[in-house]
Every structure is written in structure tokens, then in C-alpha cells.
**Q** 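Handing you this structure, nothing more for now.
In this text the structure is predicted, and so the values were computed from the model without any measurement.
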Amino acid sequence: MKKGMEYIGVVERVDFPNKGLVRVVPESGEDSADAEIRVTVKGVLAGQKIRFRATKLHKSSKKAEGRLVEVLLRAPQEIDAPCALFGNCGGCACQNLPYEAQLALKEEQVRRLMDAVITKPYEFMPIRRSPQPERYRNKMEFSFGNERKDGPLALGLHKKGSFYDILTTDTCRIVHEDYNLILREVLALAKETGLAHFHKITHAGYFRHLVIRRGQKTGEILINLVTSSDTKTYCAGAVKTTAFCEEEFFTNLCDRLSALPLEGKIAGILHSRNNSPADVVTSENTTVLYGTDHFYEELLGLRFRITPFSFFQTNSLGAEVLYGTVREFIGETDGKLVFDLYTGTGTIAQIAASAARRVIGVEIVEEAVEAAKENAKDNGLSNCEFIAGDVLKVLDTIEERPDLILLDPPRDGIHPKALEKIIAYGAKHLIYISCKPTSLQRDLVTLQERGYQVEKVCPVDMFPGTGHVETVVLLSKGEIRSKKIRVEFSP
């Protein structure tokens, strides 16, 4: 096999996240030894026959990486994706599979990862489905850019496999139609100004991101337009007729968004200023242009106040399934002290608080902690305490020993030093809620080596149409292992 050359292969299976394992099919004149090389190609389905280009070779281990060029034969279960943008948009990975097949694929991927590291018998529960396979997201971060260099202004998601190019996604099927209406109106108004998008290399340009959040239960909508301070850089070819007046622009923005025929109700329209060169949604200062700086959502009978930058599960109806699973795993908590680490807006903490003696939540985002405190107050819960800070540092300040620890870390999992501090508490039970099963797999190795045993694992599909999946794990304190668990981790 040679780098840069094209080959034919059959996809034998797909590992998390969306990594196809391909067996090369030698054609006449090709080296039959290529069939022994294991090739990883992203964006494929098991059963497809594909043409791919070799991009990286690992000859010593008979492994290679490739990029999909063409699907020559569709997979047995493959269907036409319902979204016209599928294949070009980088947002969804498996809309070309029926939903039941998506569930089966994710369940298989999680089970394979768990079986590779869990050394004692455990209960693997069937994957739990999202109540709403489409129109389920309650938050979207859209980026300004263009589809090609010096092309017209675009607003939406990144093109598949591209860091720079943006595809206008105004027909997206994983969000409510209100999102698409708002996106079109904001893009039209932005184009009228002639101002450029913020460029990742030159760091010049005005428009950066549009963040929309919408409660699935309440229908309340929060809109946040993120810009830089550069009002001097115009799009290529734009005719500058009048000087840009920011105040006039945002007055017009509020008027036009308020006039849209939305099914939901706009709770607030915000303007966040961000001059950081990093391509992340953040704010140096945020101004409320209309309404308030928050909206409300309801989960499992509780009401939650959500602010612009606070974490909240992006699938509200799916979150009820996820947290229902967590509550099922928690069992009886009466009289117990519970730690909820990486608590976000305190959702899980408050679900546990109704039956616990006391719950302590820790979250690094101060805005989310303030929202969590307000939420607990609104829900009439007086036994919740929320602390703002890094889990790694905050745990040094808490001397009380919990009976149960709830863990809902970011995608990369738990910092090794923080994990050691969590283990040192010696809590009888841990519940780990993971949004990235490969990170979970790594942390489970450490937890088992340090005396915890996996009792139950349950995948929950929070992200239909994509390759992502949540996993809930119940662990109990057992005997400390002396033998190291060896496993080859996926990146």
C-alpha cells in the first residue's frame, strides 16, 4: 500500500466515533498483502464497498488510515438521508441509517468498549432511545464564514472535514424550525451590512457566532449574536454605502426577530463581544438587547433557569430518559450525602436532592453555579449546596465524606489527579455519566484498579443522527485490584 494511492475496500465494522475498519479488496495487479492491512476510514457504514485514498501508513503494525473518495456499494440497511445537507454538513454522521439501526450500532460500540476493560461480570442494559429522533436539540452554536474563499457570507455549521468552510444550515432537521427561521433572518441582516465574518487567520472581521437555545417543554428562546469589535472590515466585493451604526443594527435585529412567525416565544436577545483569536464561543461582555438573559426549561417535574453560557443537556426529552436512568441507578438515597461533580446548572443534583439528606454540587463555570442556586431555590430545595471551582481544587476543601458520588465530566473525562481524589473519598457507590465512551473506558480502568467494580452499564441515545452517545455506569466499592488492566485505547 502506498500513501496517496486509491484502493477498494469493504467496511467490516464501525467503531466509536464513526471510525470504519476497512478490509482491502485487491484488484488485478495489486499486492495481495494489502488485504492484511487494517485501514481506518471515517464517515462510512458497515457493509459498504468503498473507494478510499491512503493518507497515513503504519507499516510496522499493518495499520493505515484513509479518506473516503466514493461509496461504490451501499450498506444493506442504508437509506437516503432525510436532510438535503447530509454528506456536506459536518453535523450529522448517520442520518443514512434508520433510527433502529443507529441505536443498534451505538449499543454495539459501547458494549465492545466496555467488554474490553471490565473484568468481572456486569449487567449491560439495552440502549435507551431518544423520545424525539428529530428536532431534538435545545442549543445550537452556528458560525459565520463562507463556503469558499471570498465567497458570500454564510452562517451555519462547518463543512464536513473542513476547519474553515461554513455551510449555511437553514434547513437543519435536528433543531426546531424556529432555529432555521432565526438563522435565515440573522444572516440576511448581516449580509445587508456588508461587514465580514471574523477570519480565523487574520483575526479581522465582525460577525462570529449565533447561539440559539430553546426550551423543548417551555418553547422559550434565547438568542445571542457574538461579534468582535471590528466594524471596519468589509466582505470582499461589498459596497460600503454608509458607515455602520451598531446601535441601529441591533435595534433592527430585535425588530426583525420579534416579527418572525415563531412557534416559540423569544425570552431574550443578547449581544456578546468576543475579540479573542480562539475560535470558541465566549464573551468579554454581554448586553441584553431585548427581554432577559435567561430562559427556562422543565425536566422531570423540576424547572431550570438556563443562562447563555451555562451547561445544560442539549436534548431535553432525552435528558429525562438519561436522568431517569441515573435516578434508577441511585436507588434509595434517604439520609445520604451526595456529591454531584461537574454539576452544570445542578440538574442531576436537584433530582437526587428530593431523596437525599444533602447534595453538594461542584462546577467550574461560575455562571452555571449561580443558575444552579437559583434553580434549587425556585424548586424549593434547601438541601443543595453549589460550589464554583475546578473539581481538582475544590475537593481539597471538602472534608465531608459522601455516600454517593455522581460524575458527569466533560468529553475528555476526568483529570487523573481529580480521579485519584474522588477515589480517595471511598464512597460506596459512584455513578459515572459519560458523553464519550472512550474517555469512560480509560477512567474505568483506573477505577477498577483502585477497588471499584462495575455493576451496570446503560447507553442512552441523546444525539440521534450523529455518532455520539451517552453512557451511564454504576460502580460499587469492592476489593482493590493488584493486577493492571491492559487495553489499547481508541483516540
Side-chain angles (χ1 to χ4, degrees), residues 114 118 120 122-123 125 299-302 311 313 319-364 369 372 375-376 379 381-387 389 391-392 394-410 413-415 418-435 439-440 443-444 446-458 460 470-480:
M114 297 300 98
I118 300 176
K120 293 185 177 181
Y122 73 100
E123 180 183 357
M125 303 171 71
L299 292 180
L300 298 173
L302 298 175
F311 172 79
Q313 288 288 352
E320 291 193 319
V321 177
L322 178 69
Y323 295 147
T325 304
V326 172
R327 188 160 62 181
E328 177 185 322
F329 280 17
I330 288 174
E332 179 58 51
T333 58
D334 188 31
K336 294 181 179 179
L337 173 62
V338 178
F339 282 5
D340 179 21
L341 307 183
Y342 314 95
T343 190
T345 52
T347 316
I348 303 178
Q350 292 174 69
I351 290 170
S354 59
R357 172 174 60 84
R358 187 162 165 247
V359 179
I360 299 176
V362 180
E363 169 60 44
I364 196 169
V369 171
N375 290 334
N379 288 316
L381 299 170
S382 58
N383 59 338
C384 292
E385 178 185 351
F386 295 100
I387 303 172
V391 167
L392 178 61
V394 171
L395 290 181
D396 290 332
T397 69
I398 306 176
E399 296 182 358
E400 297 174 275
R401 290 191 170 274
D403 302 290
L404 168 69
I405 299 179
L406 305 173
L407 303 166
D408 189 5
I414 303 171
H415 189 286
L419 188 58
E420 288 298 328
K421 292 179 180 180
I422 291 166
I423 292 169
Y425 277 108
K428 187 175 181 181
H429 295 289
L430 304 178
I431 295 178
Y432 194 132
I433 303 102
S434 169
C435 58
S439 299
L440 168 66
D443 290 343
L444 285 182
T446 302
L447 286 164
Q448 289 178 104
E449 289 174 350
R450 297 296 307 277
Y452 280 94
Q453 180 176 337
V454 176
E455 292 189 6
K456 295 180 181 181
V457 175
C458 183
V460 179
E470 294 269 342
T471 309
V472 185
V473 180
L474 173 64
L475 302 103
S476 61
K477 190 70 174 174
E479 296 298 324
I480 297 177

**Q** Work out which heavy atom in G361 is nearest to a heavy atom in T343; give both atom names and the distance.
**A** C-CG2, 3.9 Å

**Q** Under the side-chain hydrogen bond (donor to acceptor under 3.5 Å, both in side chains) rule, collect the residues that match up with Q313, sequence neighbours excluded.
**A** none

**Q** Going by the salt bridge (Lys or Arg N to Asp or Glu O under 4.0 Å) test, which pairs reach into residues 343-361, not counting sequence neighbours?
**A** R358-E385, R358-E400

**Q** May I have the step-by-step check of side chain to side chain contact (heavy atoms under 4.5 Å, CB included) for K336 and L404, ending in yes or no?
**A** CA-CA 8 Å; K336 294 181 179 179; L404 168 69; 5.6 Å; no

**Q** If the condition is side-chain contact (heavy atoms from CB on, under 4.5 Å), which residues does A372 pass it with, not counting sequence neighbours?
**A** F386

**Q** Under a 3.5 Å distance rule, please check whether E470 uses its side chain to pair with a backbone N or O of V460 as donor and acceptor.
**A** no

**Q** Output yes when a side-chain donor or acceptor of E320 lies under 3.5 Å from a complementary backbone atom of L300, and no otherwise.
**A** yes

**Q** Can you list every ring-ring contact (aromatic ring centres under 6.0 Å, His included) pair that touches residues 333-358, not counting sequence neighbours?
**A** F339-Y425

**Q** Do any N or O atoms from the side chain of N375 and from the backbone of G346 form a donor-acceptor pair under 3.5 angstrom?
**A** no

**Q** Are the side chain of N383 and the backbone N or O of A356 linked by a donor-acceptor pair below 3.5 Å?
**A** yes

**Q** ring-ring contact (aromatic ring centres under 6.0 Å, His included) with Y323: which residues, sequence neighbours excluded?
**A** none

**Q** Output, in order, the C-alpha distance, side-chain angles, deciding distance and verdict of side chain to side chain contact (heavy atoms under 4.5 Å, CB included) for K421 and V391.
**A** CA-CA 9 Å; K421 292 179 180 180; V391 167; over 6 Å; no

**Q** Check whether any side-chain heavy atom of D443 lies under 4.5 Å from a side-chain heavy atom of L419, and answer yes or no.
**A** yes

**Q** Holding to side-chain contact (heavy atoms from CB on, under 4.5 Å), I want the full list of residues that pass it with E123, two or more places apart in sequence or in another chain.
**A** M125, K456

**Q** List the atom of G389, the atom of V362, and the distance in Å for their closest heavy-atom pair.
**A** O-CG1, 3.7 Å

**Q** Test side chain to side chain contact (heavy atoms under 4.5 Å, CB included) on I118 and V457 and set out the steps.
**A** CA-CA 10 Å; I118 300 176; V457 175; 4.1 Å; yes

**Q** As a quick check of understanding, evaluate side chain to side chain contact (heavy atoms under 4.5 Å, CB included) for L475 and L444, giving each step before the final call.
**A** CA-CA 9 Å; L475 302 103; L444 285 182; 3.7 Å; yes

**Q** Rounded to the nearest 0.5 Å, what separation is found between the NE2 atom of H429 and the NZ atom of K477?
**A** 12.0 Å

**Q** Using 0.5 Å steps for rounding, measure from the CG atom of D340 to the CD1 atom of I360.
**A** 11.0 Å

**Q** So which atom in P410 and which in C435 form the shortest heavy-atom distance, rounded to 0.1 Å?
**A** C-SG, 4.3 Å

**Q** Which heavy atom of S434 sits nearest to which heavy atom of L440, and what is that distance?
**A** OG-CB, 3.4 Å

